[in-house]
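The figures here come from the full heavy-atom set of this structure, side chains too, leaving out hydrogens, waters and symmetry mates.
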Amino acid sequence: MVSALIRIVSFAALVYLALPLVVLVGASLTTTSFLAFPPQGVTLAWYGKMLGDPSYVSAFLVSTLLAVAATIVAVLLAVPAAIAIARYRFTGRGLLAETLMSPLILPHVVLGAALLQYGSAIGLVRSFPALLVGHVVIIMPFVLRAVLPQLTDEQKSLEEASADLGARPLTTFFLVTLPQIRSGLVSGAIFAFIASWINVELSIFNTTAELTTIPVKLFNYVQYTIDPTIAAVSGLTIIVAALVIVLLDLAIGLDVLSERRR
Amino acid sequence: MSSILAIDGLSKHFGGQPALTAIELAVEQGEFIALLGPSGCGKTTLLRCIAGFLAPEAGTIRLAGEDVTRLPPYRRPLNTVFQNYALFPHMSVAENVGYGPRRQGVAKDETVKRTVEALELVGLAGFGARLPAQLSGGQQQRVALARAIVNRPKLLLLDEPLSALDLKLRKKVQGELKQIQHRLGIAFLFVTHDQEEALTMADRIVLMNRGRIEQIGRGQDIYAQPATRFAADFIGDANLLVVERRGDGSFALLDGAITLPVANAPQGELTGVLRPEDILVTAEPVPGRLALPAVVSEIVHVGSHASVALAISGTTLAARLAPSALAGLSVGRPVLANIRLADLRLVPGDA
């Protein structure tokens, strides 16, 4: 009785979560010049229109490049930071951890305004590097949060065993530490990539007419027009996100996300 | 210089609290040494200093004559069997065992050969392809041992390696470990809090308490001649008696029931040590022994023997009796506790 109720509620929640995606992708296929669901007829014309528009293509490229670069930089910074925080006791350790995590609780609009102010002072504005710096700041916590819990005492004793067997610190990192934090690193990197891929609030401060990301372009577009183009752009955004996950699954196996460590 | 391990004046503090104080220890080639003591006595801290995971504030550690005090763990010619085994879970058994040789620059085929030999030695031939998670606790323990000895270290450190095994398996592994040690001739430094384990396995016991070494010696020697009250209490069972120093230089125990005319006794507080098996319980006095009137207050049967609690002058002493000696004994019965003054030792320390 109760379990049946739970099933119904769970199912309703899933439908509520999934339905917008269905509506969006459905509406992107409509032949009408306005958003319509269920779609009137089926056409890929809106996708064609979007891909025929160089500004959309360029925005997609910028978004992709930005998300990939930001994720790589965030991983390269977050992993050493996580090791420092988990393994060493030093002055300001707590402060460092909280500072690096703070973008999770700060509104990105506030952060964006602050970064713009700071960026203006040092001449780092409205350029790809300016976007990159901002994205690294907001996505680093995802990697840090996923990696930190994996640097356990048990993990530390593995590193000690490695040193005991004659491995230098860097060898230990690549042969023992990295394989052990892999699942956290991959899941953190996926969240980081997606957080960058969908970000509007922060990017908007540093984008220009020529240099813009897909979510910002969408955001600007819907302020003036609502037509199936935005559904097509959104549809493509979702497809890219899904593609990232599928590719990762093929490359390293998504079981690392749910894998319960011993 | 011939010692495999020579520790001199080693001290270590944790946040102002002394963890090790003035440790002096020499281990010879092929010796099996047990580092014994209660938890928190500093035995694991000492082991971690030797392995290089902790840096001492003072003192030196020499391995085969070489000062390694400031060397990182990966440059010390010793290996460790960790308490939780610390097997690499993402590597097969063979990869775990071959890890050390590979890091030392041993060629691949030679590593494979040594790995096979080491696994054979610990009785795990043919297990190379398994993952550690697919092994039982006892098997994991053997892999940890194989992974350490495959490097042919000068000294092997073992940090309570048997504590996770059940009693029966532990007994079995104790014997095997001793055999392997004997065959390889490597010095073993074995941390344990289990006095029985230390007594069965070790050539010598290093007894530690509160960051200091209380006594070093063969198990039977420490038992027969404990240097301190702690040593008497920790190794085996002991009756610890309050000692009163008299004006004439003699000592009174059991409220004056025993008087010892000791000439050159140590200074400070003393404790009388009397082992339970050194008390004979009889109805009639035994010739050559001092007979103390006592009352039986409890009899506990422990299989091979019985432990009898005796009330003597307001103090309770434990005596160990063979079952045959129990005839006619019952709780509340007045008896005689016969002791030899030679069995009564005075050691430093407050009872």
Exercise. Which bit of B:Asn79 comes within less than 4.5 Å of chain A, counting heavy atoms only: side chain, backbone, both or neither?
Worked result: both

Exercise. Quick check: are there more than 12 heavy atoms from other residues, nucleotides or ligands sitting under 6.0 Å from CG of B:Asp166?
Worked result: yes

Problem set entry | Minimum heavy-atom distance B:Pro89-A:Leu158, with the two atoms named | CD-CD1, 3.6 Å

Problem set entry | More than 12 heavy atoms from other groups under 6.0 Å of CZ on A:Arg168 | no

Problem set entry | B:Phe53 vs A:Asp164 side-chain heavy atoms within contact, under 4.5 Å | yes

Side-chain donor-acceptor distances from residues 236-248 of chain A under 3.5 Å, at least two apart:
residue  : atom : partner  : partner atom : Å
A:Thr237 : OG1  : A:Val233 : O            : 2.7

Exercise. More than 12 heavy atoms of other residues, nucleotides or ligands under 6.0 Å from CZ of A:Phe11: is that the case?
Worked result: no

Problem set entry | Over 12 non-hydrogen atoms of neighbours within 6.0 angstrom of OH in A:Tyr118 | no

Seminar exercise, completed: What one should report as the nearest heavy-atom pair of A:Pro169 and B:Tyr74 is CD-CE2, 3.4 Å

Exercise. Where does B:Leu157 contact chain A at under 4.5 Å (heavy atoms): side chain, backbone, both or neither?
Worked result: neither

Exercise. Crowded around A:Arg87 CZ? As in, over 12 foreign heavy atoms under 6.0 Å?
Worked result: yes

Review item, side-chain donor-acceptor pairs of residues 125-136 of chain B, under 3.5 Å, at least two apart:
residue  : atom : partner  : partner atom : Å
B:Gln134 : OE1  : B:Leu131 : N            : 2.8
B:Ser136 : OG   : B:Gln139 : N            : 3.3
B:Ser136 : OG   : B:Gln139 : OE1          : 3.4

Exercise. Under a 4.5 Å heavy-atom cutoff, which of A:Val176, A:Leu165, A:Thr171 has the most pairs with chain B?
Worked result: A:Leu165

Problem set entry | Heavy-atom contacts under 4.5 Å, residues 24-31 of chain B to chain A | none

Exercise. Do any of residues 90-108 of chain B come closer than 4.5 Å to chain A, heavy atom to heavy atom, and if so which ones, in number order?
Worked result: B:His90, B:Met91, B:Tyr99, B:Gly100, B:Arg103, B:Gln104

Exercise. With a cut-off of 6.0 Å (strictly less than), are more than 12 heavy atoms of other residues, nucleotides or ligands near NZ of B:Lys154?
Worked result: no

Exercise. For B:His13, does the NE2 atom have more than 12 heavy-atom neighbours from other residues, nucleotides or ligands under 6.0 Å away?
Worked result: yes

